[in-house]
Amino acid sequence: QGTFTLLRDTRTDGSFLVHHFLSFYLRAGCKVCFVALLQSFSHYNIVAQKLGVNLSAAKERGQLVFLEGLGSCLDVVFGEEQREEEQQATQPHPLQFLSGSVSDLRALFTFVQAALAPVDGDAWQGRVLLLDELGVLLSLGAAPVAVLDFVHYCRVAVCSRLQ
(Lines give C-alpha, C1' and ligand atoms only; values in the text may rest on other atoms or scores of the structure.)
Protein backbone atom coordinates (compact mmCIF):
# COMPACT_ATOMS: atom_id res chain seq x y z
CA GLN A 1 0.00 0.00 0.00
CA GLY A 2 1.08 3.54 -0.69
CA THR A 3 3.70 2.57 -3.25
CA PHE A 4 4.43 4.05 -6.65
CA THR A 5 6.12 2.04 -9.36
CA LEU A 6 7.29 3.53 -12.64
CA LEU A 7 8.49 1.13 -15.31
CA ARG A 8 10.75 2.26 -18.10
CA ASP A 9 11.93 0.05 -20.90
CA THR A 10 14.61 1.13 -23.32
CA ARG A 11 16.06 -1.83 -25.18
CA THR A 12 13.48 -4.51 -24.50
CA ASP A 13 9.71 -4.62 -24.40
CA GLY A 14 8.47 -4.53 -20.82
CA SER A 15 4.77 -4.70 -21.65
CA PHE A 16 4.51 -8.16 -20.08
CA LEU A 17 4.85 -6.41 -16.72
CA VAL A 18 1.70 -4.38 -17.40
CA HIS A 19 -0.20 -7.62 -18.06
CA HIS A 20 1.32 -9.15 -14.93
CA PHE A 21 0.32 -6.22 -12.69
CA LEU A 22 -3.17 -6.02 -14.20
CA SER A 23 -3.93 -9.70 -13.62
CA PHE A 24 -2.22 -9.70 -10.20
CA TYR A 25 -4.23 -6.77 -8.80
CA LEU A 26 -7.52 -7.99 -10.22
CA ARG A 27 -7.00 -11.43 -8.67
CA ALA A 28 -6.06 -9.74 -5.37
CA GLY A 29 -9.47 -8.04 -5.25
CA CYS A 30 -8.26 -4.49 -5.89
CA LYS A 31 -10.20 -1.88 -7.81
CA VAL A 32 -8.17 -1.00 -10.89
CA CYS A 33 -8.32 2.06 -13.10
CA PHE A 34 -6.47 1.19 -16.30
CA VAL A 35 -5.64 3.98 -18.74
CA ALA A 36 -4.56 2.07 -21.83
CA LEU A 37 -3.08 4.38 -24.41
CA LEU A 38 -1.09 1.81 -26.34
CA GLN A 39 -3.39 -1.13 -27.12
CA SER A 40 -7.09 -1.88 -27.38
CA PHE A 41 -9.29 -3.48 -24.74
CA SER A 42 -9.44 -6.64 -26.88
CA HIS A 43 -5.67 -6.99 -26.78
CA TYR A 44 -5.48 -6.70 -23.00
CA ASN A 45 -8.49 -8.99 -22.57
CA ILE A 46 -6.95 -11.75 -24.73
CA VAL A 47 -3.67 -11.64 -22.81
CA ALA A 48 -5.51 -11.51 -19.46
CA GLN A 49 -7.55 -14.58 -20.39
CA LYS A 50 -4.31 -16.45 -21.02
CA LEU A 51 -3.30 -15.41 -17.50
CA GLY A 52 -6.62 -16.62 -16.07
CA VAL A 53 -8.41 -13.26 -15.66
CA ASN A 54 -11.54 -12.06 -17.45
CA LEU A 55 -11.39 -8.29 -17.96
CA SER A 56 -14.95 -8.10 -19.28
CA ALA A 57 -16.28 -9.68 -16.09
CA ALA A 58 -14.12 -7.35 -13.98
CA LYS A 59 -15.59 -4.36 -15.83
CA GLU A 60 -19.13 -5.61 -15.25
CA ARG A 61 -18.45 -6.04 -11.52
CA GLY A 62 -17.11 -2.49 -11.34
CA GLN A 63 -13.68 -3.74 -10.35
CA LEU A 64 -12.04 -2.49 -13.54
CA VAL A 65 -12.47 0.97 -15.02
CA PHE A 66 -10.90 0.95 -18.47
CA LEU A 67 -10.10 3.97 -20.63
CA GLU A 68 -9.21 2.88 -24.14
CA GLY A 69 -7.04 5.66 -25.47
CA LEU A 70 -7.05 4.46 -29.07
CA GLY A 71 -10.80 4.81 -29.50
CA SER A 72 -11.08 7.88 -27.29
CA CYS A 73 -8.49 9.77 -29.31
CA LEU A 74 -10.54 9.36 -32.46
CA ASP A 75 -13.66 10.54 -30.66
CA VAL A 76 -11.94 13.73 -29.51
CA VAL A 77 -10.05 14.53 -32.70
CA PHE A 78 -12.86 13.86 -35.16
CA GLY A 79 -15.70 14.96 -32.88
CA GLU A 80 -17.37 11.56 -32.97
CA GLU A 81 -20.26 10.79 -30.64
CA GLN A 82 -19.44 11.09 -26.95
CA ARG A 83 -20.23 8.44 -24.40
CA GLU A 84 -23.69 8.79 -22.85
CA GLU A 85 -22.43 9.21 -19.30
CA GLU A 86 -20.20 12.11 -20.40
CA GLN A 87 -23.09 13.84 -22.10
CA GLN A 88 -25.29 13.42 -19.04
CA ALA A 89 -22.69 14.56 -16.53
CA THR A 90 -21.28 17.24 -18.87
CA GLN A 91 -17.82 16.15 -17.81
CA PRO A 92 -15.00 16.99 -20.21
CA HIS A 93 -13.55 14.07 -22.13
CA PRO A 94 -10.51 12.61 -20.32
CA LEU A 95 -8.35 13.24 -23.40
CA GLN A 96 -9.71 16.69 -24.20
CA PHE A 97 -6.19 18.10 -24.45
CA LEU A 98 -6.14 16.59 -27.96
CA SER A 99 -8.71 19.11 -29.16
CA GLY A 100 -6.26 21.93 -28.50
CA SER A 101 -8.68 23.81 -26.26
CA VAL A 102 -6.59 23.06 -23.16
CA SER A 103 -3.00 21.98 -22.76
CA ASP A 104 -3.12 20.26 -19.37
CA LEU A 105 -4.25 16.81 -18.31
CA ARG A 106 -6.76 17.88 -15.65
CA ALA A 107 -9.64 16.09 -17.34
CA LEU A 108 -7.65 12.86 -17.39
CA PHE A 109 -6.78 13.27 -13.72
CA THR A 110 -10.45 13.97 -12.90
CA PHE A 111 -11.38 10.75 -14.70
CA VAL A 112 -8.79 8.77 -12.70
CA GLN A 113 -9.88 10.35 -9.43
CA ALA A 114 -13.55 9.58 -10.09
CA ALA A 115 -12.78 6.02 -11.17
CA LEU A 116 -10.91 5.26 -7.95
CA ALA A 117 -13.08 7.24 -5.54
CA PRO A 118 -14.45 5.10 -2.70
CA VAL A 119 -18.16 4.34 -2.88
CA ASP A 120 -20.33 3.20 0.02
CA GLY A 121 -20.34 -0.57 0.16
CA ASP A 122 -16.99 -0.99 -1.61
CA ALA A 123 -15.26 -4.18 -0.59
CA TRP A 124 -12.12 -3.73 -2.71
CA GLN A 125 -8.80 -4.58 -1.07
CA GLY A 126 -7.12 -1.47 -2.42
CA ARG A 127 -7.00 0.92 -5.33
CA VAL A 128 -4.58 0.67 -8.24
CA LEU A 129 -3.89 2.95 -11.18
CA LEU A 130 -2.20 1.47 -14.25
CA LEU A 131 -1.12 3.62 -17.17
CA ASP A 132 0.20 2.09 -20.36
CA GLU A 133 2.16 4.14 -21.84
CA LEU A 134 2.93 7.63 -20.61
CA GLY A 135 5.10 8.35 -23.64
CA VAL A 136 2.00 8.23 -25.83
CA LEU A 137 0.69 11.35 -24.07
CA LEU A 138 3.81 13.18 -25.23
CA SER A 139 3.36 11.85 -28.76
CA LEU A 140 -0.22 13.11 -28.75
CA GLY A 141 0.92 16.63 -27.93
CA ALA A 142 0.81 16.87 -24.15
CA ALA A 143 3.58 19.03 -22.74
CA PRO A 144 6.24 17.21 -20.70
CA VAL A 145 5.46 19.45 -17.71
CA ALA A 146 1.78 18.50 -17.96
CA VAL A 147 2.67 14.79 -17.97
CA LEU A 148 4.93 15.25 -14.93
CA ASP A 149 2.19 17.18 -13.12
CA PHE A 150 -0.33 14.46 -14.00
CA VAL A 151 1.95 11.72 -12.63
CA HIS A 152 2.58 13.73 -9.46
CA TYR A 153 -1.13 14.33 -8.80
CA CYS A 154 -1.99 10.70 -9.53
CA ARG A 155 0.74 9.55 -7.15
CA VAL A 156 -0.55 11.81 -4.39
CA ALA A 157 -4.18 10.82 -4.97
CA VAL A 158 -3.59 7.06 -5.12
CA CYS A 159 -0.66 6.57 -2.75
CA SER A 160 -1.42 9.16 -0.08
CA ARG A 161 -5.17 9.71 -0.04
CA LEU A 162 -6.38 6.26 -1.06
CA GLN A 163 -3.38 4.28 0.27
Side-chain angles (χ1 to χ4, degrees), residues 1-41 43-44 48 55 58-59 62-77 82-83 85-86 89-120 122 124-163:
Q1 287 187 347
T3 60
F4 173 76
T5 304
L6 177 67
L7 302 175
R8 179 175 175 257
D9 53 1
T10 53
R11 294 194 176 117
T12 59
D13 182 21
S15 63
F16 70 95
L17 290 171
V18 173
H19 299 291
H20 165 73
F21 283 125
L22 180 60
S23 62
F24 174 79
Y25 286 117
L26 288 174
R27 273 189 253 145
C30 296
K31 180 160 185 172
V32 177
C33 176
F34 187 20
V35 178
L37 301 170
L38 197 58
Q39 298 287 342
S40 67
F41 177 79
H43 168 79
Y44 292 106
L55 296 188
K59 275 177 70 173
Q63 184 181 13
L64 174 65
V65 177
F66 191 90
L67 175 63
E68 186 171 349
L70 293 174
S72 296
C73 289
L74 294 175
D75 292 346
V76 172
V77 172
Q82 293 182 336
R83 297 184 317 213
E85 58 263 10
E86 287 176 356
T90 63
Q91 293 288 330
H93 193 282
L95 299 176
Q96 79 173 24
F97 74 94
L98 290 171
S99 66
S101 60
V102 287
S103 60
D104 59 33
L105 300 173
R106 285 184 202 169
L108 184 58
F109 175 69
T110 302
F111 171 82
V112 167
Q113 205 172 21
L116 293 176
V119 179
D120 290 339
D122 268 356
W124 307 120
Q125 297 299 316
R127 311 233 181 260
V128 176
L129 169 63
L130 289 174
L131 294 130
D132 187 23
E133 149 105 36
L134 277 175
V136 172
L137 292 173
L138 296 171
S139 299
L140 293 173
V145 171
V147 174
L148 288 173
D149 287 345
F150 172 72
V151 170
H152 170 72
Y153 284 115
C154 286
R155 188 176 140 253
V156 168
V158 176
C159 295
S160 297
R161 284 190 223 136
L162 299 173
Q163 288 296 311

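These numbers were taken from a predicted model, which means no experiment stands behind them. FYI, side chains are in, hydrogens and waters are out, and symmetry mates aren't considered; it's all heavy atoms of this structure. Position 1 is the first residue of the sequence, and the numbers go up from there.
Taken from OH in Tyr153 to CZ in Arg106, the straight-line distance is 8.0 Å, to the nearest 0.5 Å. The OG1 atom of Thr110 sits 10.5 Å away from atom CG of Leu105, with the distance rounded to the nearest 0.5 Å. Remark: Leu108 CG to Cys154 SG distance equals 6.5 Å, nearest 0.5 Å. Summarising the geometry, atom CG belonging to Leu134 is positioned 9.0 Å from atom CG belonging to Leu148; distances are rounded to the nearest 0.5 Å.
By the side-chain contact (heavy atoms from CB on, under 4.5 Å) test, Leu38 pairs with Tyr44, Asp132, Glu133, Val136, sequence neighbours left out. Judged as a ring-ring contact (aromatic ring centres under 6.0 Å, His included), and not counting sequence neighbours, the contacts of Phe41 are Phe66. Annotation: ring-ring contact (aromatic ring centres under 6.0 Å, His included) contacts of His43 (sequence neighbours excluded): His19. The side-chain hydrogen bond (donor to acceptor under 3.5 Å, both in side chains) check on Gln63 picks up Arg61, with sequence neighbours excluded. With sequence neighbours left out, the side-chain contact (heavy atoms from CB on, under 4.5 Å) criterion links Val65 to Lys31, Phe111, Ala115. By the side-chain contact (heavy atoms from CB on, under 4.5 Å) test, Ala114 is found to be paired with no residue, residues two or more places apart in sequence or in another chain being considered.
For the side-chain contact (heavy atoms from CB on, under 4.5 Å) criterion with Tyr25, the lone passing option out of Val128, Leu129, Leu64 is Val128. When each of Leu55, Leu131, Leu26, Val18 is paired with Phe34, the side-chain contact (heavy atoms from CB on, under 4.5 Å) condition holds for Val18 and for no other.
Closest approach of Ala143 to Leu138, counting heavy atoms only: C-CD2, 4.1 Å. Contact record, Pro118 with Arg127: CA-NH2, 3.1 Å, taken as the closest heavy-atom pair.
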